[in-house]
Amino acid sequence: QVQLVESGGGLVQPGGSLRLSCAASGSIFSMYAMGWYRQAPGKQRELVARITNTGSTNYADSVSGRFTISRDNAKNTVYLQMNSLKPEDTAVYYCNSFPINRAWGQGTQVTVSS
């Protein structure tokens, strides 16, 4: 069983940046592909980025060129660097294994507003 704890969210102005972290407990972190998801109010959770255990990455069209997913297997941590943030990026951000999800963490709130 892997426990996921997201952090790094906050309130930023449009065009600003945030770096999210996802700390995973357990000893099998490096075996899984990981993804960052987000859920805006009144909307379904969506996948925005994923990274394989070998470091290959893919992004949703809405964030491509602005977000970068990375991982540090030695620290059991996945990161999401978010640049050029837009109001439409406002959501609660979650990490999880991909494509088969485990138990969800609490997420971290990202609010992009003037």
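Here E88 pairs with nothing under the salt bridge (charged side-chain N to carboxylate O under 4.0 Å, His left out) rule; sequence neighbours left out. Looking at residues two or more places apart in sequence or on another chain, you find a side-chain hydrogen bond (donor to acceptor under 3.5 Å, both in side chains) between R102 and Y32. Taking the side-chain hydrogen bond (donor to acceptor under 3.5 Å, both in side chains) definition, one finds that Y79 meets it with nothing, sequence neighbours left out. A search for side-chain contact (heavy atoms from CB on, under 4.5 Å) contacts involving N73 returns F29, S30, R71, not counting sequence neighbours. Checked against side-chain hydrogen bond (donor to acceptor under 3.5 Å, both in side chains), S84 has no partners two or more places apart in sequence or in another chain. Partners of Y94 under the side-chain hydrogen bond (donor to acceptor under 3.5 Å, both in side chains) rule, at least two apart in sequence or in another chain, do not exist in this structure. Residues passing the salt bridge (charged side-chain N to carboxylate O under 4.0 Å, His left out) test with R66, sequence neighbours excluded: D89.
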side-chain contact (heavy atoms from CB on, under 4.5 Å) evaluation trace for V110 with V112: CA-CA 7 Å; V110 172; V112 185; 4.1 Å; yes

Show me the side-chain donor-acceptor pairs of residues 42-53 shorter than 3.5 Å, one per line, residues at least two apart or across chains.
residue	atom	partner	partner atom	Å
E46	OE2	R38	NE	2.9
T52	OG1	T54	N	3.2
T52	OG1	T54	OG1	3.0
T52	OG1	G55	N	3.3
T52	OG1	S56	N	3.1

Distance-only donor-acceptor hits, side chain of residues 13-23, under 3.5 Å, sequence neighbours excluded:
residue	atom	partner	partner atom	Å
S17	OG	N83	OD1	2.9

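Applying the ring-ring contact (aromatic ring centres under 6.0 Å, His included) definition to pairs two or more places apart or across chains, those involving residues 35-69 are Y37-W104. Applying the disulfide bond (SG atoms under 2.5 Å apart) test to residues at least two apart or on different chains, none of the pairs has a partner in residues 41-76.
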